[in-house]
Structures are given as structure tokens and as C-alpha cells.
Amino acid sequence: MKKVFFLIIIFSFFQFSAQEKISFWPKGEMPNSKILASKTKKKKELAELKEPELFAFLPPTKERNQKSVIIIPGGGYSKLTYDEGAFQIAKWMNTLGISAFVLNYRLPTSTDLIQREIAPLQDIQASIKYIRKNADQWGISPDLVGVVGTSAGGHLATMASNISKDYTELKGDWSEISTIPNFAVLFCPVIDFGEFAHIGSRESLLGENASSDKIAEFSMQNRVTEKTPPTILFHNQDDTAVPPMNSILYFKAMTKNKVKGAMFIFPKGGHRFFVTDKDPMNENWKKLCADWLFSMGNK
């Protein structure tokens, strides 16, 4: 009897934590590529991808609700820090009954690209389409697909939230599927490419000599409209990598355009929000985030 119980526990663990790797671009239809090989920078980081990929983290069917999120890791647009900045968040989302998909996207620094600055956007847009198109197989709603972005991943999440032009070049029934997420969660997001920029992210995406017009175009507080999806932002006041003014500027634009959302700035914590945070104040982000996510889709 004890052996059977042990096997049930093991099976449940693997059902809860197992992840599926998904190639979401239809074969032969990924744009903006010279078809080169992938390169690993070091363990738990990627520097160059031949093809972007999604990793699916699914809660047990009985605990699964209709919501899903695509988690976009950071790394200054020059690498992907996908472990603590994405995989751990995905597993935490599963505890809320939310299906999570971690996106390893093409980086603008990749030598594979034809046009550097649109490649990450193409990948997040295509992944949103893919999840909506295949929502039934996971038991989720195509109308409750959110994005979660950390650091430079937050910048990409806001690009997806505010740029309505479809850069995927996908045809047929794919073209009818919206690329705009239903909600967004941002951790220490890169927003501004001007005064409060994370210089590394800006130079990786736009190059070292970006024009003032290009800088303004990719400063995402300038792209917020009344159609921007509901968004919650988390930042730390002592973040020296990405100043909290990035979140403040975005939330100010949201307020101006009557976009629903919330912002929380904690006094310390640096440039990170980890599931394993033990600081008595900072660990409250999990409850605040969970409560806000619960309100998405509820009247």
C-alpha cells in the first residue's frame, strides 16, 4: 500500500512539473531569418536561437482554470535568463491553476536576423496566436491569454501590449487571430529608452547609434492608448539596473489613458523579483499578483 501511495505521489509530481517544448512557428513560415544555428552562452542562458521555442508548464487538469500566461525572460536583449526569471515563475503560476508558457525568443543581437528590432516582437506575437489557436487542447480560454515580462522581457511584453501591427506575416486563418494579450504582469520592466534607459537593452535592440525618433518610438510609455490591456507592475526603489521611473512612466501613461491596472514599488530588492524571496515585505508581491490575476476575467 505504501509503495502504491509513493508511486501516486511521484506521478502527481511529474504531472505537475513536466514541461513540453513547443515549436510554435508553422514549418517554413518563420520570417526574418537566415537559418543559422543556435548558440548557448552559458548554463541557464541563451545567446542565439536558430528557432524560438515555448516551454509549456501545465497545472493538473482538475486544478486548471481558463487563464494562461506567456512568460518572457529578461537578459538585456543580449541573452535569456530563463531559469529564475521565467521557469520558477511558471511553476508558481501553476499553483494558481494558471497554465504558463515560457518563451525563448530570438534576440536582436543574433547574426541570424535580417531586421534586428522586430524579431522578438514577431516571436511573442506568433506565440500569442499559437496559444489562442490551440487553446482547446489545453482547456484554456483564447480570451484570457496574458503576458508576464521581467526586465527586458517586460519591454517586449509592453511591445506586444501596445503595437497592433501584425509582424508575423502569417496567412490564412492565422491572420484573423489577435496578437494583443488580454492582460500583462511586469517585473522591473525596461520601458523608457531615453533618460531612464537601461543602455544595454536599448543598444542590443536598436544598435549603438539609434536616432532620437527611434528612441521615442521604442520608449513604450509613448505607445500606451486606451486599448492597452490591464497591467500590473512591480519594481524596487533601489533597482540600479532599471530605474523604477520606468514603471512610473508606464503607469502614468496608463492612468492618462484610463487603462486599468496597479503598480507596487518596494523600498528594496534590487533588480529582481523571485518566487523564493524571503524578505517580509517583498514576498508580498506573490499575494498581490495572485489577487490581481484572480480578478482578470471575473466580473
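What you see below is based on every heavy atom in this structure, not just the backbone, and it leaves out hydrogens, waters and symmetry mates. Residues: numbered from 1 along the sequence shown.
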- With hydrophobic residues grouped by side-chain heavy-atom distances under 4.5 Å, do Phe101 and Ile180 end up in a single group? no
- Query: Roughly how far, to the nearest 0.5 Å, is CD1 of Ile131 from CD of Gln137?
  - Reply: 10.0 Å
- Query: Is Lys133 paired with Asp173 through a side-chain N to carboxylate O contact shorter than 4.0 Å?
  - Reply: yes
- List the atom of Cys289, the atom of Val185, and the distance in Å for their closest heavy-atom pair. SG-CG1, 3.9 Å
- Item | Heavy-atom pair of closest approach, residues Ala86 and Pro73 | CB-CB, 4.0 Å
- For Ile71 and Ala100 the tightest heavy-atom approach is CD1-CB, 4.1 Å
- May I ask you to decide if Pro229's main-chain N or O and Ser161's side chain share a donor-acceptor pair within less than 3.5 Å? no
- Would a line drawn from the ring center of Phe55 to the ring center of Phe87 be shorter than 6.0 Å? yes
- Message: I'd like to know if the side chain of Ser78 reaches the main chain of Gly75, judged simply by a donor and an acceptor atom lying under 3.5 Å from each other, with no hydrogens or angles considered.
- Response: yes
- Item | Backbone of Glu283 reached by a side-chain donor or acceptor of Asp277 within 3.5 Å | no
- side chain to side chain contact (heavy atoms under 4.5 Å, CB included) assessment of Ile232 paired with Met263: CA-CA 6 Å; Ile232 187 170; Met263 177 178 65; over 6 Å; no
- Nearest 0.5 Å please: distance from the CD atom of Glu176 over to the NZ atom of Lys171. 12.0 Å
- dist Asn182:CG -> Ser141:OG (nearest 0.5 Å) comes out at 7.0 Å
- So, Ser151 and His271: side-chain donor and acceptor under 3.5 Å apart, yes or no? yes
- Item | Side-chain donor/acceptor of Ser219 to backbone N/O of Ile215, under 3.5 Å | yes
- Query: Quick one: does Gln66's side chain have a donor or acceptor within less than 3.5 Å of a partner on Gly139's backbone?
  - Reply: yes
- Task: Check Ser175 against Gly172 and note the closest heavy-atom contact, atom names and distance.
- Result: OG-O, 2.6 Å
- Any donor and acceptor pair, going by atom type alone, linking the side chain of Asp192 with main-chain N or O of Glu195 inside 3.5 Å? yes
- Message: For Tyr130 and Trp174, take the angle between the two ring planes, folded into 0 to 90°, and tell me which bin it lands in: parallel under 30, tilted 30 to 60, perpendicular over 60.
- Response: parallel
- Task: Let me see the working for Leu54 and Val102 under side chain to side chain contact (heavy atoms under 4.5 Å, CB included), right down to the final yes or no.
- Result: CA-CA 5 Å; Leu54 284 169; Val102 174; over 6 Å; no
- Query: Does Thr158 offer a backbone N or O that forms a donor-acceptor pair with the side chain of Asn162 under 3.5 Å?
  - Reply: yes
- Query: Is there a chain of hydrophobic side chains (I, L, V, M, F, W, Y, each step under 4.5 Å between heavy atoms) that links Leu144 to Trp138?
  - Reply: no
- Query: Under a 4.5 Å cut-off applied to non-hydrogen side-chain atoms, are Phe57 and Lys91 in contact?
  - Reply: yes
- Which word best sums up how the rings of Phe234 and Phe266 line up, parallel for under 30°, tilted for 30 to 60°, or perpendicular for over 60°? parallel
- same_hphob_cluster(Phe294, Leu288) at 4.5 Å side-chain heavy-atom cutoff: no
- Can the ring centroids of Phe274 and Trp285 be said to lie less than 6.0 angstrom from one another? no
- Message: With side chain to side chain contact (heavy atoms under 4.5 Å, CB included) as the criterion, how do Ile118 and Leu113 come out once you've worked through the C-alpha distance, each side chain's angles and the decisive distance to 0.1 Å?
- Response: CA-CA 9 Å; Ile118 65 168; Leu113 300 176; over 6 Å; no
- Task: Answer yes if the side chains of Asn257 and Thr225 hold a donor-acceptor pair under 3.5 Å, and no otherwise.
- Result: no
- Item | ring pair (Phe, Tyr, Trp, His ring centres under 6.0 Å) between Phe193 and His155, intermediate numbers included | CA-CA 10 Å; Phe193 270 5; His155 186 266; 4.5 Å; yes
- Query: Relative to the ring of Tyr77, is the ring of Tyr105 parallel (under 30°), tilted (30 to 60°) or perpendicular (over 60°)?
  - Reply: perpendicular
- Note, Asn104 side chain near Pro52 side chain (heavy atom, < 4.5 Å): no
- Query: Is the side chain of Asn65 donor-acceptor paired with the backbone N or O of Lys67 at a distance under 3.5 Å, no angle test?
  - Reply: yes
- Note on the structure: So side-chain hydrogen bond (donor to acceptor under 3.5 Å, both in side chains) across residues 115-129, not counting sequence neighbours, yields Trp25-Asp123, Asn32-Gln122, Arg106-Gln122, Arg106-Asp123, Gln115-Glu117, Lys129-Asp166
- Message: Assess whether a salt bridge exists between Glu53 and Lys21, defined as any Lys/Arg side-chain N lying under 4.0 Å from an Asp/Glu carboxylate O.
- Response: yes
- Item | Under 3.5 Å side-chain donor-acceptor pair for Asn282 and Arg272 | no
- So do the side chains of Ile248 and Ile265 get within less than 4.5 Å of each other, counting heavy atoms only? yes
- Could you tell me the separation between the CE atom of Met245 and the CG atom of Leu249, rounded to the nearest 0.5 Å? 4.0 Å
- Please check if the side chain of Ser247 supplies one atom and the backbone of Pro244 the other of a donor-acceptor pair under 3.5 Å. no
- Message: Any non-hydrogen side-chain atom of Ile98 less than 4.5 Å from a side-chain atom of Pro59?
- Response: no
- Item | Minimum heavy-atom distance Ala160-Ile128, with the two atoms named | CB-CD1, 4.4 Å
- Task: Would you check if the side chain of Asn236 reaches a backbone N or O of Asp239 as a donor-acceptor pair within less than 3.5 Å?
- Result: no
- Query: CZ of Phe24 to CG of Asn134: how many Å apart, nearest 0.5 Å?
  - Reply: 12.5 Å
- Query: Think Lys286 forms a cation-pi with Trp92, using NZ or CZ under 6.0 Å from the six-ring centre and within 45 degrees of its axis?
  - Reply: no
- Item | From CD (Glu63) to CG (Leu58), nearest 0.5 Å | 12.5 Å
- Item | Atom CD of Glu208 with >12 non-hydrogen neighbours under 6.0 angstrom | no
- Any side-chain heavy-atom pair of Tyr167 and Thr179 under 4.5 Å: no
- Message: side chain to side chain contact (heavy atoms under 4.5 Å, CB included), that's the test. Do Val147 and Ile124 meet it? Break it down for me.
- Response: CA-CA 9 Å; Val147 290; Ile124 182 59; 4.1 Å; yes
- Locate the shortest heavy-atom distance separating Val190 from Ser201; write the atom from each residue and the value. CG2-OG, 3.9 Å
